[in-house]
Amino acid sequence: MGLDIRCCSGEHTIADFVYSISILIVCQSLESMFPSIYSPKDIEREISEFWDSHQIYRKVKERGKEKFFFVDGPPYTTGRIHLGTAWNKVIKDTILRYKRMCGFKVADTPGWDMHGLPIEVKVEQELGFKTKRDIESYGIDRFVAKCMEYALKNKDMMTEQFKALGVWMDWENPYMTIKAEYIDSAWWCIKRAYEQGLLERKLRVVNWCPRCETALADAEVEYKDKTDPSIYVKFPIKGQEDTFIVIWTTTPWTLPANMAVAVHPSLEYAKFKALRDGKIEYLILAKELADDVLRKGGYELWEIVETYLGEDLVGLEYEHPLADEVPIQKNWRHAVYIADFVTAENTGCVHIAPGHGLEDYELGVQVGLEVFNPVDDRGVYTEKAGKYAGMHVFEANKVIIEDLRQKGLLLAEETITHRYGHCWRCKTPIIYRATEQWFLAVSKLKDKMLEEIDKVRWVPEWAGASRFKDWVSNAKDWCISRQRYWGIPIPVWICEKCGKWKVVGSIKEVPWENDLDLHRPKIDEVTFECECGGTMRRVKDVFDVWFDSGVASWGTLKFPFKMSEEEFRKIWPADFITEGHDQTRGWFYSQLGASVIAFGQAPYKTVLMHGFTLDEQGRKMSKSLGNVVEPEEVVEKIGVDGFRLYVLSSALWEDLRFSWEDARNVLRMLNIYWNAVRFAYTYMSLDKYRELPLDEVELSVEDRWILSRLESFNKLAVEAMENYHLHKVVRAFFDFVVEDFSRWYIQLIRPKVWEEKDSPAKLATYTVILRIVEKTAKIIAPFAPFLAEWIYQHFIKEFKHAEESIFFESYPKPDESLIDEELERAMDIVREIFEAASNARQKAKRKLRWPLRKMIVESKDEDVKKAVEMLEEIIKSQCNVKEVEVVREFEKDVAVKPNYKALGPKLKGRIKDFAKFVDSLGKDEIAEILTKGEIEFDGMKFSVDEALIVEYKIPEGYEYAEFSRGMVYVYTVLDEELKREAFAREVVRRIQEMRKELDLNVEEFIESVVDIDPKLVEGWEDYIKHETRSVKLEFGKPREGYIKEWDIEGMKVAIGIKRLES
RNA sequence: GGGCCCGUGGCUCAGCCUGGUUAGAGCGUGCGCCUGAUAAGCGCAAGGUCCGGGGUUCAAAUCCCCGCGGGCCCA
């Protein structure tokens, strides 16, 4: 745009010339001061160097006052960071930068989760190991050293990746779960558990990974589809010929350990007489399920012989189906018991193996069954399993099925695909095994934990109130022991002689020399002497790695090793943590559990739960799908700031579907911001502007408007930040910058920047722009730190006194006195009117370059009237019309016709007279009828709707378009005067184009020859000369210089321009 | 089977908590405009059963219930 402007007639003055020269000089240095193209890479490099060389991070850290205790959820040190990890840290960094700008002294210690099975598995793979025996023969000490090396190497690599994302954390001093002081924090917590009787060692059925040969916590079990046998087995009833109770199982390998059958007390069971292959059998199972099962079993006929409730079956004894193969089974009595967990599914009779099932175990304890577990750590049957000894359980399935078939006890065999637990790291299907393990008795703390959840602020609210509570209510005791090597050693020593425990609560109680040698196997050498004279040896287990991170909220503070309780209490609990929704059962939980044990309260005050990163189709990113997007790839294309803004632009708690298109769009918007700031920079630096107080300049209406918008944006940003709604800030930022600042304000003020140097209007504009740039940069600084800092260094510092870094500044507070809602509304209306006018012009094929005589806004809304009055000049210039008028009702030609269809049947023959009457009505009469809504004819009254068809016709020469509160009518007829102006502009436009094609500098003068009738642009010659920097303008055939033939509105026009040698 | 979240134009999402004229953006598409931010920028248009069905209400994308589809977590 930039329409009706600078048509100041007159010759080029000396001042003009000087101005041109200075533009030239500015243009040359401009590119180095403020490049024309936004290049994230260059900016990031420059700013990184600046931050490093000026030690900005350290200085910012020192400035904080009031504490803000943030705890970093420690990423696990395997491999490189992925999109999700990057997103996570960017969220954290943005919040921390914001809090620092709010004056807080922020705890920004990053954490590293460095122990555990995942690393062991990776190292095993590197070394080509398959079993624990490989590790033991290699040497635990060497294996642990490898794990440490692996973890440290990855930590360093990931640190560099995080730094590259502009994440300001204390990378020199992270907390690491492998460090002595951290292990101290964990041991201290276990001691606290022990003192409260919450540390238990018990025989329990646990999730067991036969490959890793260790117990797994519920949180370490991953459910996915697995195909298993699904078999129906007949257990022979003792003392009753050909009578069986029928059970169903998907784990035939647990049958050698069967100890009982469970039925539901109130479910109906029946004994069926069934015929198969000419043989009669009696089968007991749930009545309602029998038909289905018997059909599967291939029975030809069956009938009910007897029915009973489950409770009636109690005590019914049966023979173990594999008693011959597993002789030890002959020592025990097998019978039917009742259990509430039995459901009316399959046969209604549940095979119970207390050594291999959670509920089985509980039932076993209750009724006094043997907990028989003939399976070793590797998932291989022991000698106790008789015939099956030495066989892996999963391989045993088919052997057992075959044995049952041979014995005639297999009723039916199918396969089933169901969700089955797998080891979270090595993906091996887990088994359930009864083993001795160490537990934290979380079940005793559940109520307290639920109570604490309520005291925490959850963002979004349902993260805690619904999702987390659900998990915690279902939580069982936490199995914290692992039969592995790379982990925090469990600090329990047991006397070999009397069995007494010693729980060590501090690393000071054991001898150690450097902070890393508390690991196995060294710690295993430490012994204590028991009161009884016996030797106390450490249990061999290490902690579940989730327990490591569970103590992070004090581990990060090095409490209690290096911090006093008094000091600790001033800081703890954490003000803020944030992680992905997978951490509901992970870190949110492990921390809550550990903390309730240690302190009886939640370790965090606010928890922000964020989503997962998915690919463009909404699938999880995974290597096997080949859809992984690396953060570096994105950064390469759109820069760190672009990346950060992109991942922060949608609601954090929802999954982020990565989209290249959207990511690139962020870059495009940043580019608009860049260009807008650069535009301002060009003229402000040319004019050597220095900051003026806002109240010393004469603000125009558009200045007041943009200031109001700016403060409204500021207000929204602060509110959103306080609610952790980061995406709202990003959206509002782009909205303000693109819509209000670039697309509208800059267009409006463009003419002003050409005014003479000390023009008050221009100074006001500069003052406003400086404020806009400063505030927007500060508001977005936590999100896009590089760009914000760059603008601060290159723009803000140029025009006002500033700090060393933008991060020394405080986050801007809105000045609500500058918010003028009425003006904002008025401008909204004006922008709508402008859009409608553009629309109408397009319909009438009147391009914006062509001035139009007048425009009428029709609306009954007082606000519209006020808006147009208030902002008339803006409408006129933007819409390129000479005159604008608001009316309540635009005078349209109204034509009315009789509604024959409706009135015909009523008036019958007199309808013709009515038609005549209607025809005879004058303009005023029609108007009156329409206002009244009634028409009187021959003593009868009809409503207008019924009697008339009303047609409106807008007057000749007008084109219209709708907006939300009315209509805009544009008078599109061009009179001679307008045509001359329009034509002049067409000519100017062509000459400018030619200047560009010749690559002329903006200040260079030319001579122009235009082959048109001079009358076409009469009165506009000087305008053309001025606009095109033509010293001479002639009409006629061009003969020299650059000549080009144009088509202007269907007319062939030759134009020639010649560069003037200076 | 249970818990939570999501389901709005071709695509990505606002709006829903606190019900109220015509459901908004951006991208993409088509047409055009602008030209001293210019290897940029801008406008207009087409395009929607707001997942489906019930209910509450004068009024439902919005609140309630029942389904369907997707995701995560659990059993």
Side-chain angles (χ1 to χ4, degrees), chain A residues 1-3 5-6 20 23 27 30 34 36-38 218-219 221-223 341 343 345 358-359 418-419 421 460-471 473-475 580-586 609 611-612 614 616-620 649-651 653-666 668-669 671-672 674-683 727-728 731 734-735 738-739 742-744 746-747 750 753-754 834-843 845-850 880 961-965 985 988-990 992-993 995-996 1000-1003 1027-1029:
Chain A
M1 275 156 277
L3 305 160
I5 49 174
R6 287 169 286 112
S20 305
I23 286 180
C27 285
L30 182 62
F34 205 132
S36 53
I37 293 173
Y38 166 53
D218 288 347
V221 177
E222 209 171 80
Y223 287 82
F341 61 76
T343 55
E345 284 169 295
L358 279 70
E359 288 166 326
H418 58 160
R419 305 282 283 176
E461 212 181 320
W462 51 261
S466 309
R467 202 186 167 97
F468 194 35
K469 275 193 162 177
D470 181 55
W471 167 261
S473 335
N474 293 321
H581 53 52
D582 54 330
Q583 297 303 330
T584 301
R585 67 168 189 173
M609 187 183 82
F612 261 36
L614 307 174
E616 308 204 67
Q617 280 83 47
R619 298 170 307 180
K620 217 170 170 173
S649 63
S650 51
W653 46 88
E654 271 171 36
D655 290 344
L656 177 78
R657 273 198 189 197
F658 183 80
S659 150
W660 277 110
E661 213 166 84
D662 289 351
R664 274 188 279 261
N665 197 35
V666 168
R668 215 165 303 158
M669 306 236 257
N671 202 41
I672 294 176
W674 176 271
N675 278 328
V677 175
R678 182 173 186 270
F679 169 82
Y681 180 86
T682 309
Y683 298 100
H727 63 294
K728 291 192 177 167
R731 284 165 185 276
F734 282 128
D735 196 48
V738 174
E739 284 295 327
S742 172
R743 286 187 191 164
W744 197 243
I746 296 226
Q747 304 312 322
R750 266 178 125 110
V753 302
W754 316 123
F834 169 68
E835 281 169 18
S838 305
N839 192 345
R841 270 177 175 273
Q842 221 162 296
K843 284 195 215 164
K845 298 208 186 336
R846 287 284 180 269
K847 42 179 117 171
L848 195 47
R849 202 186 299 143
W850 292 45
N880 199 15
E962 250 183 318
F963 69 110
S964 71
R965 300 165 197 239
R985 295 176 67 140
V988 167
R989 157 91 191 86
R990 294 330 189 268
Q992 299 287 31
E993 182 71 34
R995 288 181 62 112
K996 205 160 101 187
L1000 296 187
N1001 275 324
V1002 285
E1003 87 293 350
E1027 287 297 302
T1028 60
R1029 294 202 132 43

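When reading the values below, keep in mind they use all heavy atoms of this one structure, side chains included, and skip hydrogens, waters and symmetry mates. The structure displayed is predicted, hence computed values, not measured ones. Every chain is numbered from 1, with letters handed out A, B, ... down the list of sequences.
Separation of the P atoms belonging to B:C31 and B:C51 is 33 Å when rounded to the nearest angstrom. Rounded to a whole angstrom, the distance from the C1' atom of B:C63 to that of B:C17 is 10 Å. For the P atoms, the distance from B:G67 to B:G3 is 11 Å, rounded to whole Å. When the P atom is used for both B:A23 and B:G2, the distance is 37 Å, rounded to whole Å. Taking atom P on both nucleotides, B:C11 is separated from B:G7 by 15 Å, rounded to a whole Å. Between B:U62 and B:G19, the two P atoms lie 12 Å apart (nearest whole Å). Comparing B:A46 with B:G32, their C1' atoms are spaced 14 Å from each other, to the whole Å. Atom P of B:G52 sits at a distance of 29 Å from the matching atom of B:C73, rounded to the whole Å.
Taking the side chain of A:R668 as heavy atoms from C-beta on, and the options B:G28, B:G26, B:C72, the nearest nucleotide is B:G28. Of the candidates B:U35, B:C72, B:A40, B:U35 carries the atom nearest the A:R989 side chain, counting heavy atoms from C-beta on. The nucleotide whose nearest atom lies closest to any side-chain atom of A:V738 is, among B:C42, B:A37, B:G36, B:C42. The side chain of A:R985 approaches B:U35 more closely than any other nucleotide in the set B:C27, B:U35, B:G36. The nucleotide whose nearest atom lies closest to any side-chain atom of A:N671 is, among B:A37, B:A40, B:C42, B:A40. Nearest to the side chain of A:H581, among B:A37, B:C72, B:G26, sits B:C72. Between B:A40, B:A37, B:G28, one nucleotide has an atom nearer to the side chain of A:R750 than all others, and that is B:A37.
Straight-line distance from the CZ atom of A:R743 to the P atom of B:C42: 4 Å, rounded to whole Å. One can place CD of A:E359 at 11 Å from P of B:A75, the figure rounded to the nearest angstrom. Between A:H727 atom NE2 and B:A25 atom P the separation is 19 Å, expressed in whole Å. Between the CD atom of A:E654 and the P atom of B:U12 there is a distance of 13 Å, given to the nearest Å. Across the protein-nucleic acid pair, A:Q583 atom CD and B:C72 atom P stand 16 Å apart, rounded to whole Å. Here the C1' atom of nucleotide B:A25 and the CZ atom of A:F734 are 14 Å apart, to the nearest Å. Distance CD (A:E739) to C1' (B:G24): 12 Å, rounded to an integer number of Å. In this structure, A:W744 atom CH2 and B:C42 atom C1' are separated by 11 Å, rounded to whole Å.
Base pairing of B:A23 is not made with any nucleotide, judged by Watson-Crick or G-U wobble geometry with both donor-acceptor distances under 3.5 Å. Across every strand in view, B:U56 sits unpaired, with no contact that passes the Watson-Crick or G-U test at under 3.5 angstrom. Under the Watson-Crick or G-U wobble criterion, with both distances below 3.5 Å, B:A45 is paired with B:U29. Nucleotide B:U18 forms no Watson-Crick or G-U wobble pair with any nucleotide shown, as no partner meets the under 3.5 Å limit on both distances. Across all strands shown, B:G9 remains unpaired; no Watson-Crick or G-U wobble contact has both distances below 3.5 Å. When both pairing distances are held under 3.5 Å, B:A37 makes no Watson-Crick or G-U pair with any nucleotide shown. The partner of B:A61 cannot be assigned: no Watson-Crick or G-U wobble pair with both contacts below 3.5 Å exists in any strand.
Residue contacts shown for A:A680 are absent, as no nucleic acid heavy atom lies under 4.0 Å away. Within the nucleic acid shown, A:I746 comes within 4.0 Å of at least one base atom, counting heavy atoms only. Within 4.0 Å (heavy atoms only), A:N665 reaches sugar-phosphate atoms of the nucleic acid but no base atom. Here A:R990 lies out of heavy-atom contact (under 4.0 Å) with every strand. Heavy atoms of A:S742 sit under 4.0 angstrom from at least one base atom.
Scanning both residues, A:T1028 and A:R995, for their nearest heavy atoms gives O-NH1, 2.7 Å.
Note that the CZ atom of A:R664 and the CE atom of A:M669 stand 14.5 Å from one another [nearest 0.5 Å]. Here A:H581 contributes atom NE2 and A:F468 contributes atom CZ; the two are 15.0 Å apart, rounded to the nearest 0.5 Å.
Cation-pi check for A:R678 over A:Y38 is not met; the charged atom does not lie both under 6.0 angstrom from the ring centroid and within 45 degrees of its normal.
Between A:V677 and A:K728, the residue anchored closer to the 5' end of RNA chain B is A:K728, taking for each the nucleotide with the nearest heavy atom. Closest-nucleotide positions on RNA chain B for A:S649 and A:I37 were compared, and the one nearer the 5' end corresponds to A:S649.
The side chain to side chain contact (heavy atoms under 4.5 Å, CB included) with A:F734 is formed by just one residue from the set A:I672, A:N665, A:V666; it is A:V666.
A donor-acceptor contact under 3.5 angstrom links the side-chain atoms of A:R1029 to the base of B:G36. Interface remark: the A:T682 side chain does not form any donor-acceptor pair with the B:A37 base, using a distance-only criterion of under 3.5 Å. Below the 3.5 angstrom threshold, one finds no donor paired with an acceptor across the side chain of A:R731 and the base of B:A14.
By the 30° and 60° cut-offs, the orientation of the rings of A:H727 relative to A:W653 is perpendicular.
Using a 4.0 Å cut-off, no side-chain N or O of A:R678 falls inside it from OP1 or OP2 of B:A37.
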